[in-house]
Amino acid sequence: MSIILTGGAGFIGSHLCAHFTKQKERVLVLDNLSRGKEEYLRYQTDQNYIDFQKIDIANIPLTALVVKEFHQQYPVDMVWHMAANSDIPAGTKRPSVDFNDTFVTTFSILEAIRPLGIKKFTFASSDAVYGDHGPEKKLTENTGPLLPISYYGAMKLASEALLSASAESYLERVWIFRFPNVVGTPATHGVIFDFINKLKVTPDRLEVLGDGSQKKLYIHIDELLEAMIFIVSNSNEKMNVFNIGPDDSGCSVTQIAESTVEIVSPKATIAYGTEPRGWVGDIPKFLYSVDKLSSLGWRSKSSSIEAVRKAIVEIFKQELGNDKI
């Protein structure tokens, strides 16, 4: 059977595409290339098993046509829906970005597969769906009420609701992955990416949004990929919702800034802001439970700071043009 992979030319999607094609599974990649790049699909990907279509998945009739034509030739077993706006500040400035790129894409791909009998669906959600419950409450998959404070989190949560309704109606099985901050390459945005590019412009000074006390969980893309595949292989309820991340209390922005300076520009000074959060919609601190995933049998091998330091080296090489992509 074949796979539909939305957002497959992006950061997470391109890694999934490489994984599936190595397994000799045919993949239909749908991506508008707003953040992804077609060249990412050539990295460690068997081109004999990939069909790439540059389309706006929010275009419901076009998406339905492309999916139907592919399914008729290569029957599809599962959808991996990774397409979304991944830049929270960008969505705060223009809420339509999250509405179209996250929510409408979810609705569109669900409408495309409904008449075709494709009944398995995975979704890249986020810890942003929880909202701000304070720094002391440990967030589990059953935490509520879910009150996101960013448009990004709101549209992820709305997409989860669509999937829940679809599971009641026609989907056989749904897997929802609630990600923390995912780091690694190919990077297009994020705190590490921003810090490295700031240091390229001003190698003697790094300016940080917020006072540096913000503290969150980080997972490297390699371990995220491993966790997602493990969950799909080992969790078989109708609705499977999992937090994914390391079992620690997270990594602070100060730690990230200091590690980036150490690796990229050791003589630089760090200038922090005065606010406890970096932008509107930012949740400065939270605790995140991965007990459910641990009980299933998977644990991250790296801590948040280990994932961050590995990613700093990778992204620095990427920005210098020394990466393999």
Euclidean distance, I256 CD1 relative to K215 NZ, rounded to 0.5 Å:
11.0 Å
Quick check: do L217 and P246 have side-chain heavy atoms less than 4.5 Å from each other?
yes
N197 vs E319, side chain to side chain contact (heavy atoms under 4.5 Å, CB included): CA-CA, chis, key distance, verdict:
CA-CA 8 Å; N197 279 283; E319 293 306 287; 3.1 Å; yes
Check whether any side-chain heavy atom of R26 lies under 4.5 Å from a side-chain heavy atom of F70, and answer yes or no.
yes
Can we say E314 and K317 salt-bridge, meaning some charged N sits less than 4.0 Å from an Asp/Glu carboxylate O?
no
I'd like to know if E262 pairs up with R309 as an ion pair, taking the criterion as any Lys NZ or Arg NE/NH1/NH2 lying under 4.0 Å from an Asp or Glu carboxylate oxygen.
yes
How about K54: does its NZ atom have over 12 heavy atoms from other parts shown lying under 6.0 Å from it?
no
Do M1 and F20 share a hydrophobic cluster (ILVMFWY, side-chain heavy atoms under 4.5 Å, transitive)?
no
Distance-only, no hydrogens or angles: does the Q318 side chain make a donor-acceptor pair with backbone N or O of T188 under 3.5 Å?
no
A18 backbone acceptor or donor facing T21 side chain under 3.5 Å
yes
Supply the atom-to-atom distance D56 CG to L33 CG, rounded to the nearest 0.5 angstrom.
11.0 Å
Between V129 and R178, is any pair of side-chain heavy atoms under 4.5 Å apart?
yes
I'd like to know whether F195 forms a side chain to side chain contact (heavy atoms under 4.5 Å, CB included) with V264, so could you lay out the CA-CA distance, the side-chain angles of the two residues, the decisive distance to 0.1 Å, and finally the verdict.
CA-CA 9 Å; F195 283 175; V264 176; over 6 Å; no
Flag yes if F121 and I4 sit in one hydrophobic cluster, no otherwise; membership is Ile, Leu, Val, Met, Phe, Trp, Tyr, and two members link when side-chain heavy atoms are under 4.5 Å apart.
yes
Side-chain heavy atoms of E226 within contact of K301, under 4.5 Å
yes
How long is the span from the OG atom in S166 to the CD1 atom in I113, to the nearest 0.5 Å?
7.5 Å
Could you tell me whether a side-chain N or O of K216 sits under 3.5 Å from a main-chain N or O of V253, the two making a donor and an acceptor?
no
Report the C-alpha separation of R94 and Y151 in whole Å, then their side-chain angles, then the decisive distance to 0.1 Å, and conclude whether the side chain to side chain contact (heavy atoms under 4.5 Å, CB included) test is met.
CA-CA 9 Å; R94 288 198 304 128; Y151 292 106; over 6 Å; no
When clusters are formed by joining ILVMFWY residues with side-chain heavy atoms under 4.5 Å apart, either directly or through shared neighbours, do L171 and F242 land in the same one?
no
Is it the case that over 12 heavy atoms from other parts of the model lie below 6.0 angstrom from the NZ atom of K137?
yes
Once the angle between the rings of F177 and F179 is folded into 0 to 90°, is it parallel (under 30°), tilted (30 to 60°) or perpendicular (over 60°)?
parallel
Look up atom CG in N85 and atom CZ in R35, then write down how far apart they are to the nearest 0.5 Å.
6.0 Å
With a 3.5 Å distance limit and no angle check, can you tell me whether S169 reaches the backbone of A165 through a side-chain donor-acceptor pair?
no
Give a yes or no on whether Q72 atom CD has more than 12 heavy-atom contacts from other residues, nucleotides or ligands under 6.0 Å away.
yes
Is it the case that the side chain of N240 and the backbone of E237 share a donor-acceptor pair, with hydrogens and angles ignored and the cut-off at 3.5 Å?
yes
Check this for me, if you would: do E223 and K310 make a salt bridge, where the nitrogen-to-carboxylate-oxygen distance has to be below 4.0 angstrom?
no
Nearest 0.5 Å, what's the CD-CE distance between E160 and M239?
7.0 Å
Does F230 have more than 12 heavy atoms from other residues, nucleotides or ligands lying within 6.0 Å of its CZ?
yes
Going only through I, L, V, M, F, W and Y residues with side-chain contacts under 4.5 Å, is there a path from F123 to V27?
no
Output yes when a side-chain donor or acceptor of S304 lies under 3.5 Å from a complementary backbone atom of Y218, and no otherwise.
yes
Give a yes or no on this: more than 12 heavy atoms of other residues, nucleotides or ligands lie within 6.0 Å of atom NZ of K37.
no
Would I3 and L28 show up in the same hydrophobic cluster when neighbours are defined by side-chain heavy atoms closer than 4.5 Å?
no
Measuring only between side-chain heavy atoms, which start at C-beta, is I118 closer than 4.5 Å to H71?
yes
Rounded to the nearest 0.5 angstrom, the OG1-CD1 distance for T260 and I270 is 8.0 Å
Taking V261's backbone N and O only, do any of them form a donor-acceptor pair with S265's side chain (distance below 3.5 Å, no angle check)?
no
Measure from the side-chain N and O atoms of T202 to the backbone N and O of L199, and report whether any donor-acceptor pair falls under 3.5 Å.
no
Pair N243, Y130 - check side-chain hydrogen bond (donor to acceptor under 3.5 Å, both in side chains), show working.
CA-CA 11 Å; N243 291 341; Y130 290 111; 2.7 Å; yes
Without hydrogens or angle criteria, can the side chains of N32 and S34 be said to hold a donor-acceptor pair below 3.5 Å?
yes
Checking side chain to side chain contact (heavy atoms under 4.5 Å, CB included) against I221, which of L16, I12, V183 comes through?
I12
Answer yes or no: is there a donor N or O on one side and an acceptor on the other, between the side chain of W80 and the main chain of G8, under 3.5 Å?
no
For T63 and I60, indicate whether the former's side chain and the latter's backbone hold a donor-acceptor pair under 3.5 Å.
no
